[in-house]
Amino acid sequence: MPELPEVETVRKTLRNLILNRTIESIDVYYSKIIKEPNLSDFTSKLVGKTLKDINRQGKYLIFIFDDIALISHLRMEGKYFIKDQSESIEKHEHIVFNFTDGTSLRYHDVRKFGTMDLRYLNEIYTTNPLKKLGLEPFDPLMKVAYLKDKLSKKEVAIKTCLLNQQIFTGLGNIYVDEVLFLSKLNPEKKASKLSNNDFQKIIDNSVKVLNKAILLGGTTIRSYTSSLGVTGRFQNELNVHTKIGEPCPICNTIIEKIRVNGRGTYYCPNCQK
DNA sequence: GTGACCACCTGGCCGC
DNA sequence: TGCGGCCAGGTGGTCA
């Protein structure tokens with residue numbers, strides 16, 4: 001599933017391919033992807049607009065048009081593909097942005113979990129969904145003091161807290177498992193029990209894991225591929241996620257799988273006590 | 001305010 | 001072979 005490194009890979013790929021194209025029309029085959037505004041306003045506000053830039057905040061893609069931004073979340077299996085308009089619409093292609101040059105940007109989502117919102121440029125960061133996001137690990141303000149302030153009174157598992165995008169933005173299930181492994185922290189340990197040193201390790205290892213994943217184009221597990229079918233290579237670097245029954249790369253203890261707040265969680269019971 | 005739980009959604013996998 | 005049930009999981013909403 002797309003997490004921050006996968007979204008960043010999609011952003012870079014699309015930015016290189018479709019900048020400065022102008023929307024001629026939009027075909028919507030599954031309108032529930034669009035959250036705000038309504039379908040009619042969504043299309044009328046975008047048609048005729050030229051794509052100026054593509055940014056990212058956490059796991060959200062931000063398509064910057066002339067005066068308006070399309071904020072897209074890929075959720076579990078969202079993908080973008082660029083195709084000629086003459087190519088037939090495939091199953092699971094729910095929203096198609098047709099450009100004036102005869103090409104199209106197609107949003108493909110098997111599980112239909114993805115979302116799209118339109119916002120004027122001056123309200124992108126002052127309204128949801130981006131307003132509520134916490135800091136990314138790369139943010140200069142991401143310090144031990146920030147995490148301590150947010151987590152020191154949390155009586156829930158640290159894994160649950162790191163998946164909370166309102167606190168720690170950008171990590172999903174895969175990378176949280178990897179960060180906690182590198183930090184030698186048990187995913188079920190209560191956030192309130194963590195030390196300053198633990199918080200620092202979480203920050204450092206998050207940056208380390210995400211940077212490496214971005215470099216390798218993200219992680220390809222199950223069905224995820226970025227736009228144009230580009231697959232990531234970070235899955236070859238995973239230490240614990242999906243490694244149930246395999247030996248820990250550090251101590252050879254067998255990796256176990258548990259559920260933390262309903263999420264499949266992989267960890268080494270020896271390294272992460 | 002906090003934490004637990006559920007809905008959304010479909011393909012893949014497993015057991016019968 | 002075919003069918004039913006479960007699992008995967010990010011986020012928002014609801015409820016206690």
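In what follows, every chain begins at residue 1, and chains take the letters A, B, ... in the order their sequences are listed. We use all heavy atoms of the structure for the numbers below, so side chains are in, but hydrogens, waters and symmetry mates are not.
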Chemist: Expressed in angstrom and rounded to an integer, what is the separation of A:Lys79 atom NZ from B:dG11 atom C1'?
Modeler: 11 Å
Chemist: Between C:dT11 atom P and A:Asn261 atom CG, what is the distance in whole Å?
Modeler: 13 Å
Chemist: Please determine whether a side-chain nitrogen or oxygen atom of A:Arg259 lies at a distance below 4.0 Å from atom OP1 or OP2 of C:dA8.
Modeler: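 A:Arg259 to C:dA8 OP1/OP2: side-chain N or O found under 4.0 Å.
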Chemist: State whether A:Asp109 and A:Arg111 are salt-bridged, where the test is any N-O pair (Lys NZ or Arg NE/NH1/NH2 against Asp/Glu carboxylate O) under 4.0 Å.
Modeler: no
Chemist: When the axes are fitted on five pairs at both termini, how much does the helix from B:dT2-C:dA16 to B:dC16-C:dG2 curve, in 10° steps?
Modeler: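 Axis angle across the helix from B:dT2-C:dA16 to B:dC16-C:dG2, nearest 10°: 50°.
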Chemist: Where do N or O atoms of nucleotides 6-10 of chain B meet protein N or O atoms at under 3.5 Å, pair by pair?
Modeler:
from	atom 1	to	atom 2	distance (Å)
B:dC9	OP1	A:Tyr30	OH	2.5
B:dC9	OP1	A:Lys32	NZ	2.7
B:dC9	OP2	A:Lys32	NZ	3.4
B:dC9	O4'	A:Arg111	O	3.4
B:dT10	OP1	A:Lys112	NZ	2.8

Chemist: Can you tell me if A:Gln165 touches the phosphate of C:dT11, counting only side-chain N or O atoms and a distance under 4.0 Å to OP1 or OP2?
Modeler: yes
Chemist: Does a donor on one side chain and an acceptor on the other come within less than 3.5 Å for A:Lys159 and A:Asn186?
Modeler: no
Chemist: Between C1' on B:dG3 and NZ on A:Lys159, what's the gap in Å once rounded to a whole number?
Modeler: 18 Å
Chemist: Is there any salt bridge (charged side-chain N to carboxylate O under 4.0 Å, His left out) pair reaching into residues 255-265 of chain A, and which pairs are they, with sequence neighbours excluded?
Modeler: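 Every pair satisfying salt bridge (charged side-chain N to carboxylate O under 4.0 Å, His left out) with a residue in residues 255-265 of chain A: there are none.
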Chemist: Respond yes when some side-chain nitrogen or oxygen of A:Lys257 is under 4.0 Å from OP1 or OP2 of C:dA8, and no when none is.
Modeler: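 Checking A:Lys257 against C:dA8: at least one side-chain N or O falls below 4.0 Å of OP1 or OP2.
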Chemist: Which residue pairs satisfy the salt bridge (charged side-chain N to carboxylate O under 4.0 Å, His left out) criterion with at least one member in residues 17-35 of chain A, sequence neighbours excluded?
Modeler: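 For residues 17-35 of chain A, and leaving out neighbouring residues, the salt bridge (charged side-chain N to carboxylate O under 4.0 Å, His left out) pairs sorted by first residue read A:Arg21-A:Asp101.
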Chemist: Using atom CG of A:Leu163 as one end and atom P of C:dA8 as the other, report the distance to the nearest whole Å.
Modeler: 14 Å
Chemist: Round to a whole Å and report the spacing from CG of A:Asn173 to C1' of C:dC7.
Modeler: 13 Å
Chemist: Answer yes or no: does a side-chain N or O of A:Lys154 lie under 4.0 Å from OP1 or OP2 of B:dG1?
Modeler: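 So the side-chain polar atoms of A:Lys154 never come under 4.0 Å of the phosphate oxygens OP1 or OP2 of B:dG1.
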Chemist: Output side-chain donor-acceptor pairs under 3.5 Å for residues 143-151 of chain A, partner residues at least two apart or in another chain, one line each.
Modeler:
from	atom 1	to	atom 2	distance (Å)
A:Tyr146	OH	A:Leu135	N	3.4
A:Tyr146	OH	A:Ile167	O	2.8
A:Lys148	NZ	A:Asn196	OD1	3.4

Chemist: Determine, for A:Tyr266 and A:Lys243, whether the Lys NZ or Arg CZ falls below 6.0 Å from the six-membered ring centre while staying within 45 degrees of the axis.
Modeler: no
Chemist: Please classify the nucleic acid contact of A:Gly262 as base, sugar-phosphate, or nothing, using heavy-atom distances under 4.0 Å.
Modeler: nothing
Chemist: Rounded to the nearest Å, what distance is computed from the CG atom of residue A:Leu162 to the C1' atom of nucleotide C:dG9?
Modeler: 17 Å
Chemist: Tell me every residue that passes side chain to side chain contact (heavy atoms under 4.5 Å, CB included) with A:Tyr120, counting only those two or more places apart in sequence or in another chain.
Modeler: A:Lys45, A:Asp67, A:Ile68, A:Asn122, A:Glu123
Chemist: Is a side-chain donor or acceptor of A:Asp198 paired with a backbone partner of A:Ser195 at a separation under 3.5 angstrom?
Modeler: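 A pair under 3.5 Å: yes.
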Chemist: Measure NE2/A:His73 against P/C:dG12 and give the value in whole Å, please.
Modeler: 8 Å
Chemist: Let me know the distance between CZ of A:Phe168 and P of C:dG10, rounded to the nearest Å.
Modeler: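 Roughly 15 Å, once rounded to whole Å.
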Chemist: Could you check whether any side-chain N or O of A:Gln165 sits under 3.5 Å from a backbone N or O of A:Leu163, counting only pairs where one atom can act as donor and the other as acceptor?
Modeler: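 Confirmed, A:Gln165 side chain pairs with A:Leu163 backbone.
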